[in-house]
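FYI, side chains are in, hydrogens and waters are out, and symmetry mates aren't considered; it's all heavy atoms of this structure.
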Amino acid sequence: MGCTATTVASAMRAVAVVVAEHRDELIRLDREIGDGDHGENMTRGFTALAAKLDGDVPASPGAVLRLAATTLISTVGGAAGPLYGTAFLRAATSVGDAAAIDGPAVAAALRAALEGVVARGKAEVGDKTMVDALTPAVAAAESAAASGAGVADVLRAAADAAELGADSTVPMVARKGRASYLGERSAGHLDPGARSTSLLLRTFAGRAR
Ligand code: ADP
Ligand code: MG
């Protein structure tokens with residue numbers, strides 16, 4: 001057992017709803033240390049993805065992840081579009097064309113996603129980016145998977161760790177992305193990309209079967 005394409009597609013549709021619900025929050029966070037477009041960018045991207053998934057659902061979880069990647073790359077824009085696009089593309093490659101994905105496959109896909117984000121954006125933990133949410137999420141997912149957890153528990157562990165990781169960005173001084181232009185003044189604010197990463201993982205966890 002594990003997650004099929006239908007489950008992954010419904011998780012993506014749920015993300016579109018959640019991101020839209022948090023649009024204003026993400027805009028406000030990005031206004032504080034960036035240009036204020038993150039909520040709009042993410043809503044545009046996932047709404048476009050949800051619309052594509054209203055037609056035929058792709059044949060495998062990997063194909064859904066690949067569709068997410070290409071859609072986000074072409075619609076999100078900003079720094080986050082290519083970063084999330086790369087993350088989903090690497091995750092798609094990691095799961096291959098399997099008909100269903102289990103706990104270890106999800107942990108491996110998250111690891112691949114993180115590696116893609118780091119390869120593309122060159123951020124490290126402590127730079128005040130989505131990497132600060134995703135890195136602990138991957139570690140938590142891997143340890144849950146190693147102790148036999150299924151997809152839902154692996155994703156729940158990842159989401160819990162991502163929330164703490166996102167919170168950890170508040171005191172940080174940004175060293176990557178637009179927020180780094182603010183220098184010391186970026187401290188005291190939650191990073192919008194770390195926040196959106198934790199929202200995505202929490203939603204995936206809620207939808208996993
Ligand atoms: P932009 O900064 O171009 O307006 P967004 O507002 O959509 O793009 O996304 C900003 C988020 O992207 C940041 O909050 C941060 O989490 C993430 N980000 C920016 N640069 C990088 C990077 N080099 N590596 C990882 N994440 C990054
Ligand atoms: Mg922005």
Side-chain angles (χ1 to χ4, degrees), residues 1-19 42 45-46 49-50 52-53 56-73 76 80 82-121 125 130-166 193-194 196-209:
M1 260 303 284
C3 267
T4 63
T6 311
T7 315
V8 180
S10 98
M12 293 295 178
R13 280 195 219 95
V15 167
V17 173
V18 168
V19 166
M42 294 293 284
F46 280 96
L49 176 59
K52 289 187 190 180
L53 291 170
D56 287 342
V57 169
S60 64
V64 177
L65 293 167
R66 208 160 16 254
L67 181 67
T70 54
T71 306
L72 297 178
I73 288 168
V76 174
L83 290 166
Y84 276 121
T86 304
F88 282 111
L89 206 52
R90 297 284 186 104
T93 304
S94 170
V95 305
D97 59 5
I101 47 180
D102 58 7
V106 169
L110 287 172
R111 166 68 61 190
L114 170 63
E115 286 172 0
V117 170
V118 170
R120 175 125 209 154
V125 169
M130 60 177 71
V131 169
D132 291 300
L134 197 48
T135 302
V138 170
E142 287 174 342
S143 81
S147 52
V151 172
D153 286 334
V154 165
L155 285 170
R156 208 163 304 132
D160 289 347
E163 271 165 21
L164 292 176
S196 61
T197 292
S198 86
L199 285 172
L200 260 61
L201 288 170
R202 179 61 69 202
T203 308
F204 289 149
R207 284 298 170 131
R209 292 290 174 270

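By the side-chain contact (heavy atoms from CB on, under 4.5 Å) test, Ala108 pairs with Ser94, sequence neighbours left out. Partners of Ser10 according to the side chain to side chain donor-acceptor pair (under 3.5 Å) rule, which considers only residues two or more places apart in sequence or in another chain, do not exist here. In terms of the side chain to side chain donor-acceptor pair (under 3.5 Å) criterion, residue partners of Ser196 (sequence neighbours excluded) are, by chain and number, His38, Tyr84. The side-chain contact (heavy atoms from CB on, under 4.5 Å) test applied to Ala14 returns Thr203, Arg207, not counting sequence neighbours. With sequence neighbours left out, Arg66 forms a side chain to side chain donor-acceptor pair (under 3.5 Å) with no residue at all. Taking Ala68 as the reference, Met12, Leu49, Phe88 meet the side-chain contact (heavy atoms from CB on, under 4.5 Å) condition, with sequence neighbours excluded. With sequence neighbours left out, Ala141 forms a side-chain contact (heavy atoms from CB on, under 4.5 Å) with Ala107, Leu110, Val154, Ala158. Remark: Thr7 engages Thr4 in a side chain to side chain donor-acceptor pair (under 3.5 Å) (not counting sequence neighbours).
The nearest pair of heavy atoms linking Ser60 to Asp97 is CB-O, 4.2 Å. Contact between Ala100 and Gly2 at its shortest, heavy atoms only, is CB-C, 4.3 Å. In plain terms, the two heavy atoms of Ala157 and Ala144 that are nearest each other are CB-CB, 4.0 Å. Among all heavy-atom pairs drawn from Val151 and Cys3, the shortest one is CG1-SG, 3.7 Å.
Pairs engaging residues 196-205 under the salt bridge (charged side-chain N to carboxylate O under 4.0 Å, His left out) rule: Asp160-Arg202, Glu163-Arg202 [sequence neighbours left out]. Residues in residues 136-154 take part in these salt bridge (charged side-chain N to carboxylate O under 4.0 Å, His left out) pairs, two or more places apart or across chains: Arg111-Glu142, Asp153-Arg156.
When side chains are defined from C-beta on, Leu200 counts as touching Phe46, because their heavy atoms get closer than 4.5 Å. Side chains of Pro58 and Leu53 form a contact here, defined as non-hydrogen atoms less than 4.5 Å apart.
Heavy atoms of other residues, nucleotides or ligands lying less than 6.0 angstrom from CZ of Arg13 number more than 12.
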Test log, rule side-chain contact (heavy atoms from CB on, under 4.5 Å), inputs Val19 and Leu199 | CA-CA 8 Å; Val19 166; Leu199 285 172; 5.6 Å; no

